[in-house]
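Have a look at the structure below before the remarks.
Just follow the structure's listing: the first ligand is 1, and inside any ligand the first atom is 1. Remember, it's a predicted structure, so these values are computed and weren't measured experimentally. Residues take their numbers from the sequence shown, with the count starting at 1.
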Amino acid sequence: MPADVPARRPDAPLGYWLSEAFHTAYSGSAILSIDLRIVEGNAALARLLQFPVAELVGADLAQLVHGDDRQRSCTLIAELTPAAPSLRIEHRLVRRDGTTVWVEQTHTLLSGDGSSPPHLLSIFLDITERKRERASLTHQVFHDPLTGLPNRALLEDRISHAVARSARIGSLVHLLFLDIDRFKSINDGSGHAAGDELLTALSTRLRGALRAGDTLARYGGDEFVIVCEDGQPGDGVDLAARIEALLREPFVLGGREVLVSASIGIARARPGDDAHAMLRNADAAMYRAKQSGRARSVLFDDDLQAEAAARQGTEAALRSAIAGNELLLHYQPILDLGTGSVVALEALARWSREDGVLVHPGDFLAIAEDSGMILPIGEFLLDAAVAQVGIWRRAIPGAQDLGVAVNISARQFTAPNLVDVLGRAIRAADIPASAVHVEIAEDVIMDDVDRSQEICAALKALGVQLAIDDFGTGYTSLSRLRRLPIDAVKIDRGLIAGMTGAGQDRVIVHAIISLAKALSLDVVAEGVESDEQRDLLAALGCHRGQGFLWQRPQPTAAMEPWLISHLPLTP
Ligand code: C2E
Ligand code: MG
Ligand code: MG
């Protein structure tokens with residue numbers, strides 16, 4: 001029991017007990033006059049504020065409230081009336097040593113009687129710890145744990161405020177969307193710790209390029225976003241140039257110097273933009289910077305705006321393409337260079353638009369991929385291709401071993417139901433799984449080799465054959481290639497085109513064929529257009545070829561007579 005509390009007297013009247021309860025209460029308590037002078041204060045309050053009880057009496061509570069909270073608290077207390085006699089306030093009090101303590105203070109108006117004027121009963125609860133926990137929780141919810149920067153949720157809120165303010169007072173808002181170039185290869189090559197080190201070091205460098213008031217946020221993996229308010233029209237471009245200059249200095253990761261570049265998209269708030277529109281525009285500009293060769297910045301302008309609008313139009317039209325039966329397949333034969341026989345048909349997507357235009361995959365697949373529509377579209381095409389080849393295998397004499405090559409996009413490859421989708425298509429078509437050659441582009445399969453290894457193993461367990469498409473354009477190392485359970489590589493069309501004439505790609509094609517042979521993989525050359533290319537490939541030991549030399553991709557109806565005239569498939 002505190003020393004300044006009177007000793008217990010068992011025979012005392014109620015008034016005495018009330019007084020003792022007040023003085024010994026666990027919570028800080030005070031009786032205040034209406035002008036907030038402390039008339040009585042208990043020991044717990046004295047401990048809370050580090051004052052002796054005697055010094056509390058007569059003190060002005062308003063003066064003990066933190067300067068920033070005082071006005072609000074006094075106003076609220078002044079509003080107490082007999083009809084609304086109590087009130088709870090959270091505010092800071094200043095202790096004798098100048099430190100602050102957060103309290104939840106409950107005031108109750110004691111109306112008094114004729115002889116005694118109204119007073120206030122105040123109970124103080126120390127909530128400093130609760131406030132700290134709440135602040136740290138809020139910090140965690142809105143900040144990235146690695147870099148300590150605002151995360152996506154806080155960023156979107158900041159952009160929304162900036163855009164709303166810009167609409168109100170006509171200020172300028174710039175958004176920079178920055179994506180580290182080839183971050184994946186740093187992560188894969190030097191390890192995740194080095195990747196983390198880079199993200200932290202980069203965030204520190206970026207902070208150095210900003211003005212007070214700018215927001216730097218980590219948007220996702222290797223993406224950062226900067227919001228600049230109240231600037232001049234050229235500020236976004238200037239800031240991007242400053243960042244590019246900062247990146248010329250190498251980073252030291254795991255003791256090694258590494259040069260890093262970034263692609264930056266810049267967007268300026270346009271009338272009617274909200275946070276999402278601004279982010280979308282800056283992202284589109286960043287994407288353009290990547291496409292134009294990385295290590296640069298691009299400003300979202302009218303051209304990009306028009307392109308984005310066209311893209312949205314295509315996306316909308318594509319949405320109704322499946323239902324409207326506008327998606328179909330053309331087929332192109334893959335031949336054995338030794339025997340000249342047809343091994344398989346590659347199924348290639350086409351979009352026969354309402355206006356009669358036949359759109360090639362290069363003009364719609366990226367949009368389907370970005371929007372996620374590739375999943376239903378891919379499944380539809382896969383079913384159609386496998387079913388059609390099943391029909392030909394049964395209907396055309398000599399075609400009983402015909403295979404079908406199907407292309408799988410990045411999203412399809414990592415979709416959790418890929419094996420189910422393929423398995424169902426194969427069972428429905430009633431063909432052996434080994435007749436299906438699944439083609440995955442080199443950049444997709446090499447993006448995350450550990451993950452690809454798992455997916456490929458699951459596909460192999462289904463029984464299909466696996467081929468790496470467009471091989472030779474990426475950065476596949478021998479060791480990574482060996483880890484994947486694949487059956488074939490398809491040499492990229494560009495390399496085949498560069499083999500003859502003044503082209504220098506013959507050495508590369510030769511190296512790929514030797515590599516494939518060493519790993520017991522089949523090699524398919526894509527885009528063979530001339531006898532010269534075919535002869536050269538055969539001489540280098542390439543097994544298979546595909547290209548306009550033999551046949552362009554054909555619709556189903558045209559493919560059938562071609563197949564029949566090229567039978568028997570095996571001489
Ligand atoms: P790919 O899988 O590498 O397909 C080969 C591409 O080369 C086809 O283009 C084909 O028409 C073209 N080609 C074949 N031989 C020659 C030749 O001798 N010379 C020239 N210049 N070109 C030749 P296409 O049909 O425009 O397809 C482009 C890409 O779109 C495909 O490349 C594939 O990655 C993707 N794709 C096509 N269909 C599908 C599909 O159903 N699903 C998915 N996910 N991707 C598809
Ligand atoms: Mg292909
Ligand atoms: Mg290809």
- Query: Which ligand 1 atoms are under 4.0 Å away from a heavy-atom of Glu529?
  - Reply: 17 (C), 18 (O), 19 (N), 20 (C), 21 (N)

- Task: Establish, yes or no, whether a centroid distance under 6.0 Å links the rings of Tyr219 and Phe224.
- Result: no

- Message: Using a 4.0 Å heavy-atom cut-off, which part of Val406 comes near ligand 1: side chain, backbone, both, or neither?
- Response: neither

- Which segment of His330 sits under 4.0 Å of ligand 1 when only heavy atoms are counted: neither

- Message: Does Arg205 qualify as a cation-pi partner of Phe251, given the criterion of NZ or CZ under 6.0 Å from the six-membered ring centre and within 45 degrees of its axis?
- Response: yes

- Message: Could you check whether Asp144 and Thr147, counting side-chain N and O atoms only, form a donor-acceptor pair closer than 3.5 Å?
- Response: yes

- Task: Consider every N or O of Glu526 and every N or O of ligand 1, then say whether any pair is closer than 3.5 Å.
- Result: yes

- If you measure every N/O of Ala349 against every N/O of ligand 1, is any gap under 3.5 Å? yes

- Message: Side chain, backbone, both or neither: which applies to Leu382 and ligand 1 if a contact is any heavy-atom pair less than 4.0 Å apart?
- Response: neither

- Quick look: Leu549 vs ligand 1, heavy-atom contacts under 4.0 Å, and the answer is neither

- Angle at the Mg ion (ligand 2): provide the value between OD1 of Asn407 and OE2 of Glu346, rounding to 10 degrees. 90°

- Take every heavy atom of Arg552, measure it against each atom of ligand 1, and state whether any distance is under 4.0 Å. no

- Supply the atom-to-atom distance His276 NE2 to Leu279 CG, rounded to the nearest 0.5 angstrom. 7.0 Å

- Task: Return yes if a side-chain donor-acceptor contact under 3.5 Å exists between Ser341 and Asp336, otherwise no.
- Result: no

- Message: Using a 4.0 Å cut-off to any heavy atom of Leu381, which atoms of ligand 1 qualify?
- Response: 41 (O)

- Any donor-acceptor N or O pair under 3.5 Å, side chains Gln400, Arg393: no

- Is there a nitrogen or oxygen of Phe548 sitting under 3.5 Å from a nitrogen or oxygen of ligand 1? yes

- Query: Under 4.0 Å from any heavy atom of Glu346, which atoms of ligand 1 are there?
  - Reply: 1 (P), 2 (O), 4 (O)

- So, does Glu439 use its side chain to make a donor-acceptor pair with the main chain of Ala467 at under 3.5 Å? no

- Query: Should Pro553 be listed as contacting ligand 1, given a heavy-atom distance under 4.0 Å as the test?
  - Reply: yes

- Task: Identify the residue among Arg552, Gln546, Glu346 that makes a side-chain hydrogen bond (donor to acceptor under 3.5 Å, both in side chains) with Gln332.
- Result: Gln546

- Check: of Ala467, Gly547, Pro361, min heavy-atom distance to atom 37 (C) of ligand 1 comes from Pro361

- Query: For Arg350, is the nearest heavy atom under 4.0 Å from an atom of ligand 1?
  - Reply: yes

- Item | Side-chain donor-acceptor pair present, Ser261, Asp181, cut-off under 3.5 Å | yes

- Would one find an N, O or S atom of Glu526, in either backbone or side chain, under 2.8 Å from the Mg ion (ligand 2)? no

- Query: Side-chain contact, heavy-atom cut-off 4.5 Å: Leu521 with Asp487?
  - Reply: no

- Query: Taking only heavy atoms of Leu365, which atoms of ligand 1 are found under 4.0 Å from at least one of them?
  - Reply: 30 (O), 35 (C), 36 (N), 39 (C), 43 (C), 45 (N), 46 (C)

- Taking all non-hydrogen atoms of both residues, which atom of Ala344 and which atom of Val404 are closest, and how far apart? CB-N, 4.1 Å

- Go through ligand 1 atom by atom and flag the ones less than 4.0 Å from a non-hydrogen atom of Gln412. 44 (N)

